[in-house]
> 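First the structure, which I've put down as structure tokens, then a few questions once you've had a look.
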Amino acid sequence: MTYWLMKSEPDCYSIDDLKRDKVEHWDGTRNYQVRNMMRDQMEVGDLAIFYHSNAKTETGCVGIMKVHSKAYPDPTQFDPQSEHPDPKSDPDNPRWLCVDMKYVEHLPRLVSLAEIKLDPAFATMPLVMRGNRLSVFPIKKIHFDRICKLATQEQ
DNA sequence: GCCAACGTTGGC
DNA sequence: GCCAACGTTGGC
């Protein structure tokens with residue numbers, strides 16, 4: 001079982017949207033590393049932290065969700081009306097993949113990026129390491145558990 | 001809005 | 001294969 005952290009801009013799609021939808025495809029990723037990880041490492045039932053990036057209020061971890069499908073071709077790559085159409089992608093050999101994600105729960109409180117940066121326990125988590133810009137990446141269980149634990153405590 | 005740090009593209 | 005130019009991400 002792999003644990004993940006997945007970023008989304010709340011203005012675009014938030015944890016509240018996922019709660020309303022219950023299950024939604026996590027589409028629009030256009031990065032080969034992310035595609036390969038979704039294809040090769042992501043398993044149905046894996047748990048993921050829902051992370052709000054570029055948030056007007058506060059950036060950080062807001063909820064938990066579960067991988068609900070294997071990776072499959074992202075339909076938005078062939079839709080000219082979508083945010084990220086890719087005219088070079090071959091329908092017979094699609095370039096981009098997505099997965100379905102299922103809402104599990106909101107964290108009791110937001111665990112902010114600032115808080116995570118201050119905590120030495122997260123020093124080796126890709127989120128705070130220099131240069132990491134992936135929107136989806138695996139995290140260690142200890143980091144997943146610690147985020148959940150911090151969310152149950154006063155800041 | 002700024003900017004650092006990456007990723008991608010395409011000419012050569 | 002190199003690398004300049006450009007695009008994107010995402011914190012601040």
Side-chain angles (χ1 to χ4, degrees), chain A residues 2-21 24-42 46-65 67 71-101 103-104 106-140 142-144 146-151 153-155:
Chain A
T2 309
Y3 295 84
W4 302 86
L5 188 146
M6 300 170 75
K7 300 176 182 176
S8 178
E9 301 193 13
D11 284 353
C12 178
Y13 195 79
S14 74
I15 181 76
D16 294 326
D17 294 325
L18 185 62
K19 182 178 186 180
R20 179 199 61 214
D21 297 337
E24 186 58 284
H25 27 260
W26 200 270
D27 56 30
T29 58
R30 297 289 183 266
N31 176 286
Y32 290 104
Q33 269 180 274
V34 170
R35 181 201 65 183
N36 294 347
M37 288 191 294
M38 291 200 300
R39 182 189 63 200
D40 302 333
Q41 291 177 250
M42 227 176 225
D46 283 356
L47 291 174
I49 298 285
F50 194 127
Y51 177 89
H52 279 175
S53 64
N54 258 328
K56 286 200 180 67
T57 50
E58 199 162 21
T59 291
C61 306
V62 291
I64 297 173
M65 53 190 168
V67 177
Y72 61 94
D74 180 345
T76 68
Q77 68 195 302
F78 303 119
D79 178 3
Q81 307 299 318
S82 82
E83 296 275 324
H84 305 284
D86 186 348
K88 291 185 190 164
S89 185
D90 177 0
D92 292 330
N93 185 19
R95 184 179 287 188
W96 305 115
L97 303 174
C98 66
V99 292
D100 291 344
M101 298 301 295
Y103 175 83
V104 175
H106 278 60
L107 291 174
R109 70 171 178 85
L110 179 145
V111 179
S112 72
L113 177 61
E115 189 180 349
I116 287 172
K117 280 183 172 171
L118 283 173
D119 189 334
F122 292 115
T124 58
M125 187 163 75
L127 183 68
V128 296
M129 293 174 73
R130 184 171 169 276
N132 176 60
R133 292 191 319 166
L134 298 179
S135 61
V136 174
F137 52 88
I139 61 173
K140 292 187 178 135
I142 50 167
H143 291 146
F144 182 93
R146 184 158 182 85
I147 290 166
C148 296
K149 186 180 168 200
L150 288 174
Q153 300 171 349
E154 296 292 321
Q155 190 170 354

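These figures come from a predicted structure and were not determined experimentally. Throughout, protein chains are lettered first and strands after them, A, B, ... in sequence-line order, and every chain is numbered starting at 1. What you see below is based on every heavy atom in this structure, not just the backbone, and it leaves out hydrogens, waters and symmetry mates.
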> Show, in sequence, the C-alpha distance, side-chain angles and deciding distance for D16(A) and K19(A), and conclude whether the salt bridge (charged side-chain N to carboxylate O under 4.0 Å, His left out) test is met.
CA-CA 5 Å; D16(A) 294 326; K19(A) 182 178 186 180; over 6 Å; no
> Do L134(A) and P126(A) touch side chain to side chain, with heavy atoms closer than 4.5 Å?
no
> With sequence neighbours left out, what residues match D119(A) under salt bridge (charged side-chain N to carboxylate O under 4.0 Å, His left out)?
R146(A)
> Under 4.0 Å, heavy atom to any atom of DNA chain C: which of residues 115-124 of chain A qualify?
K117(A)
> Does the side chain of H143(A) reach to within under 4.5 Å of the side chain of L5(A), using non-hydrogen atoms?
no
> Residues of residues 74-82 of chain A with any non-hydrogen atom less than 4.0 angstrom from an atom of DNA chain B: list those, numerically ordered, please.
none
> Through what angle, rounded to 10 degrees, does the axis of the helix from dG1(B)-dC12(C) to dC12(B)-dG1(C) turn between its ends, using five pairs per end?
10°
> Could you tell me if S89(A) and R30(A) have a donor-acceptor pair between their side chains, going purely by distance under 3.5 Å?
no
> In terms of ring plane angle, is the pair Y3(A) and F144(A) parallel, tilted or perpendicular, where the classes change at 30° and 60°?
tilted
> Are any non-hydrogen side-chain atoms of P91(A) and P73(A) less than 4.5 angstrom apart?
no
> So if I take residues 7-17 of chain A and measure heavy-atom distances to DNA chain B, which residues fall below 4.0 Å?
none
> List the protein contact pattern of nucleotides 4-12 of chain B with one symbol per nucleotide (5' to 3'): B for base contact, S for sugar-phosphate-only contact, - for none; contact means a heavy-atom distance under 4.0 Å.
-BBSS-S--
> Of all of residues 107-114 of chain A, which get a heavy atom below 4.0 angstrom from DNA chain C, listed by number?
L113(A)
> With the side chain counted from C-beta on, respond yes when C148(A) and I64(A) share a heavy-atom pair under 4.5 Å apart, and no when they do not.
yes
> Rounded to the nearest 0.5 Å, what's the gap from NE2 on H52(A) to OH on Y13(A)? Could you check?
10.0 Å
> Considering residues at least two apart in sequence or located in another chain, which fulfil the side-chain contact (heavy atoms from CB on, under 4.5 Å) criterion with Q153(A)?
K149(A), L150(A)
> Is the centre of the W96(A) ring less than 6.0 Å from the centre of the Y72(A) ring?
no
> Holding to ring pair (Phe, Tyr, Trp, His ring centres under 6.0 Å), I want the full list of residues that pass it with W4(A), two or more places apart in sequence or in another chain.
none
> Do E83(A) and D27(A) come close enough that some side-chain heavy atom pair is under 4.5 Å?
no
> By side-chain contact (heavy atoms from CB on, under 4.5 Å), which residues pair with S112(A), not counting sequence neighbours?
E58(A), L110(A), A114(A), E115(A), Q155(A)
> Residues two or more places apart in sequence or in another chain: which of them pass side-chain contact (heavy atoms from CB on, under 4.5 Å) with K88(A)?
D86(A), R95(A)
> Could you tell me which residues satisfy side-chain contact (heavy atoms from CB on, under 4.5 Å) with P108(A), sequence neighbours excluded, listed by chain and number?
A151(A), T152(A)
